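All figures in this text were calculated on a predicted structure; none of them were measured in a lab. Counting begins at 1 with the first residue of the sequence.
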Amino acid sequence: MGDSCCCICLEILCAILLPPLGVFFRHGCCSLEFCICLLLTILGYIPGIIYAIYVIVAVDPQRYRRVIYYYDPQRDPDDCYEPLA
C-alpha cells in the first residue's frame with residue numbers, strides 16, 4: 001500500500017482486527033516483521049496488536065531493500081558493475 005494517512009489508518013484498523021493482516025499489507029508475507037507478528041498473535045492477541053501497530057507506524061518497509069548489481073562486460077573494467085533499476 002502507500003504512505004498516505006488514509007492507507008496507514010486502514011492498515012492500523014486491519015491490525016486491530018487481525019494483526020498479521022495489517023503487517024502483511026505494509027511489509028509483505030515473507031518479511032521478518034510479518035513472521036514475528038504472526039508468532040506474537042498466536043501466543044497472545046494483545047501482543048500481536050501492539051507489535052503490529054508499532055511496525056506499521058515506526059518501521060520503514062524500504063529500509064532493508066537490497067540494491068542488485070549486474071555485470072556488464074562491455075563497460076570499463078573499473079566501472080563494470082551498476083545497479084539494476
Side-chain angles (χ1 to χ4, degrees):
M1 290 186 134
D3 287 331
S4 70
C5 184
C6 183
C7 288
I8 292 175
C9 290
L10 288 174
E11 290 168 354
I12 290 173
L13 181 64
C14 288
I16 291 171
L17 297 175
L18 187 63
L21 184 63
V23 176
F24 167 76
F25 286 151
R26 188 71 156 169
H27 296 277
C29 69
C30 294
S31 66
L32 180 64
E33 289 85 4
F34 177 78
C35 294
I36 292 172
C37 186
L38 185 64
L39 180 67
L40 285 173
T41 304
I42 290 170
L43 294 175
Y45 186 67
I46 301 298
I49 291 174
I50 293 170
Y51 180 75
I53 292 173
Y54 165 74
V55 166
I56 290 170
V57 173
V59 177
D60 181 23
Q62 299 296 327
R63 186 171 70 178
Y64 298 111
R65 299 280 182 199
R66 293 183 188 168
V67 177
I68 299 173
Y69 291 92
Y70 71 96
Y71 177 72
D72 186 4
Q74 303 203 354
R75 290 184 59 127
D76 181 28
D78 294 329
D79 189 31
C80 61
Y81 290 97
E82 61 183 55
L84 280 174

Drop me the distance from [X]'s [atom1] to [Y]'s [atom2], to the nearest 0.5 angstrom.
| X | Y | atom1 | atom2 | answer |
| --- | --- | --- | --- | --- |
| I12 | R26 | CD1 | CZ | 9.0 Å |
| L13 | L18 | CG | CG | 11.5 Å |
| I36 | L32 | CD1 | CG | 4.0 Å |
| L38 | F24 | CG | CZ | 12.5 Å |
| F25 | E11 | CZ | CD | 8.0 Å |
| Y45 | I50 | OH | CD1 | 11.5 Å |

Requested in this report: Please answer: with hydrophobic residues joined when any side-chain heavy atoms are less than 4.5 Å apart, are L21 and Y54 in the same cluster?
Outcome: yes

Query raised in the report: Mind checking whether I42 and F34 sit in one hydrophobic cluster, side chains of I, L, V, M, F, W, Y counted as touching below 4.5 Å?
Result: yes

Query raised in the report: Can you name the nearest heavy-atom pair linking P47 to G44, along with the distance?
Result: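 Of all heavy-atom pairs spanning P47 and G44, the closest is CD-O, 3.3 Å.
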
Requested in this report: Looking only at non-hydrogen atoms, find the nearest pair between P19 and A52 and report the distance.
Outcome: O-CB, 3.7 Å

Report task. Only one of T41, L40, L39 passes side chain to side chain contact (heavy atoms under 4.5 Å, CB included) with C37; say which it is. Result ->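 Answer after filtering T41, L40, L39: T41.
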
Requested in this report: Side-chain contact test, heavy atoms from C-beta onward, threshold under 4.5 Å: evaluate it for I53 versus I16 and give yes or no.
Outcome: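 In short, these two side chains touch, coming nearer than 4.5 Å.
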
Query raised in the report: Would a 4.5 Å heavy-atom cut-off, applied to side chains only, mark V59 and H27 as touching?
Result: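 A side-chain contact exists here, since the closest heavy-atom pair is under 4.5 Å.
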
